[in-house]
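Each ligand, and each atom within it, is numbered from 1 in the order the structure gives. Each residue takes its place number in the sequence, starting with 1. Not measured: the values here are computed from a predicted model.
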Amino acid sequence: MKIGFIGLGNMGNPMARNLIQSGHELVVYDIVQAARDKLTAMGAKAASSAKHLASEVELVITMLPSAPQVKEVCLAPDGIFAGLEKGVRIVDSSTIDPFTARELSAAAANQGNPMLDAPVSGGTGGAEAGTLTFMVGGQEEDYRAVKPILSCMGKNIVHCGPSGNGQVAKVCNNLVLAITMLGVCEGLTLGVALNMDPKVLTNIFNTSSARCWSSDTYNPYPGVMENVPAARGYTRGFASALMLKDLGLAMESARLSKQPVFLGALAQQLYQMMVRQGNGQKDFSGI
Ligand code: NAD
C-alpha cells in the first residue's frame, strides 16, 4: 500500500521503518529535515507539506506530540484535509484528548474521509520491535480495513468503540498507572521507614493483593529489580513530563465530562511538583 506518515520522532521513526520493512511504499513528512532524511535514506519519499503527502497516498498515519500539532497538520491550508481524495483514511496515533479526536474525525467524515484515533502503548522499545498495542476508536469497517497495516507496527490491535474511544482507553490506562505507581512508592517507602527490606516487601506485594505492574514489572525502589529505570537513576524510561501531559488530558477530559477524579488530580499535582523540581526528563517511577 502507498502510505503517508507524518511525525517521524522517537515513535514515528521506528513505526515508519517497520512499514517499509513490511514492503509498503512510504511518503513521509516532518517539520524537521533531519527526521525526513533518516527515512528517505531507507527508501521513503519525502513530501514538501502535509497536503502534498495526503494527495499522493492511500492512507495517512500521524504520530505528533499533542493536540495542537494534530489540529494544525490536519486543518491548515497546506494540511492533510486540503490534499485528501475522498475515501482515503487517516489514522492518528498521537496521544491527544478524546474531544479533539472526535472533533477532527467529524470534520474528516464531512468531507468523505474516515478518521480513526489509534494511540499506542509499549514505548520506543515496542515501536522498534513492532510490538505496540493500538487502541483504536472509529467505525468497525474502518478498523478492519486498517488493522493489517497497524499489525506491521504492533501486536495487539484493539477496537475500543466509536471515534475517540481509543484515546479514552489510553487516557484512563495512564491515569490508573500514575495512581498505582504512587501507591507502590508510598507503601514501599513506609515499609523501609519501619525497617522492612524493600525486596521482601515487594515479594509480599507481588503474591498478595497489592500486586500490580508498578510493583512486579516496573518496581520503583532502587535495588529491588534489575533492568528498570529505578536500577539506573530513573533514566531511559517514560519521562515524568510525558506522564504529566497524559494526566493533563485525563483532568481535562474529566472537567469536560463533569466527572470527579480525586486521585488523578492528586497524581497530577505530584507529577507537576516533580517536573517543577527539574526532574521532567526522569522516569515517572522516580516520583
Ligand atoms: P517526538 O517529539 O519524538 O516526535 C514528534 C515528531 O513530530 C517530531 O519529529 C516533530 O518534529 C514532529 N512534528 C511536530 N510538529 C509537527 C508538524 N506541525 N508537522 C510535522 N511534523 C511535526 O514524540 P514521540 O515520543 O514520538 O511521541 C509522539 C506521540 O506518541 C505523543 O503524543 C506521545 O505522547 C505518544 N507516545 C509516546 C511514547 C514514548 O514512549 N515516547 C509512548 C506512547 C505514546
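The option with the heavy atom closest to atom 33 (C) of ligand 1, from among M243, K245, Q69, is K245. Residue V73 holds the heavy atom nearest to atom 17 (C) of ligand 1 of all those in N174, L53, V73, T95.
Of all heavy-atom pairs between G87 and N113, the closest is N-ND2, 3.4 Å. Summarising the geometry of K245 relative to T95, their closest heavy-atom pair is NZ-O, 3.1 Å, with the distance given to 0.1 Å. The two residues S215 and M225 come nearest to each other via the heavy atoms O-SD, 4.2 Å. When all heavy atoms are compared, the tightest approach of S94 to L64 is OG-N, 2.9 Å.
No side-chain donor-acceptor contact under 3.5 Å links D97 and S253. For the 3.5 Å distance criterion, the side chains of Y234 and N279 fail to qualify, holding no donor opposite an acceptor.
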Can you list the steps and then say if R17 with E128 is a salt bridge (charged side-chain N to carboxylate O under 4.0 Å, His left out)? CA-CA 9 Å; R17 228 185 308 141; E128 301 269 348; 3.7 Å; yes
F99/E252 under side chain to side chain contact (heavy atoms under 4.5 Å, CB included): CA gap, chis, key distance, verdict: CA-CA 10 Å; F99 295 90; E252 181 61 5; over 6 Å; no
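Each of the following atoms of ligand 1 lies closer than 4.0 Å to a heavy atom of V32: 11 (O). Within ligand 1, the atoms closer than 4.0 Å to a non-hydrogen atom of G123 are 40 (O), 42 (C), numbered from 1 in the order shown. Near V120, with a cut-off below 4.0 Å to any heavy atom, the atoms of ligand 1 are 43 (C), 44 (C).
Among all protein heavy atoms, the one lying closest to atom 30 (O) of ligand 1 is M63 CE, 3.1 Å. Remark: minimum distance from atom 3 (O) of ligand 1 to any protein heavy atom is reached at N10 N, 2.9 Å. Shortest contact from atom 21 (N) of ligand 1 to any protein heavy atom: I31 N, 3.4 Å. Of the protein's heavy atoms, G9 CA, 3.3 Å lies nearest to atom 4 (O) of ligand 1. Atom 9 (O) of ligand 1 has D30 OD2, 2.7 Å as its closest protein atom, hydrogens excluded (heavy atom only).
Where the criterion is an N or O separation shorter than 3.5 Å, residue side chain and backbone included, M11 meets it with respect to ligand 1. Checked by distance only, ligand 1 and L64 come closer than 3.5 Å through their nitrogen or oxygen atoms.
When non-hydrogen atoms are compared, ligand 1 lies under 4.0 Å from the backbone of L8 (N, CA, C, O) but not from its side chain.
Aromatic ring pairs are classed by plane angle as parallel below 30°, tilted from 30° to 60° and perpendicular above 60°; the pair F238 and F284 is perpendicular.
Distances shorter than 4.0 angstrom occur between a heavy atom of P65 and an atom of ligand 1.
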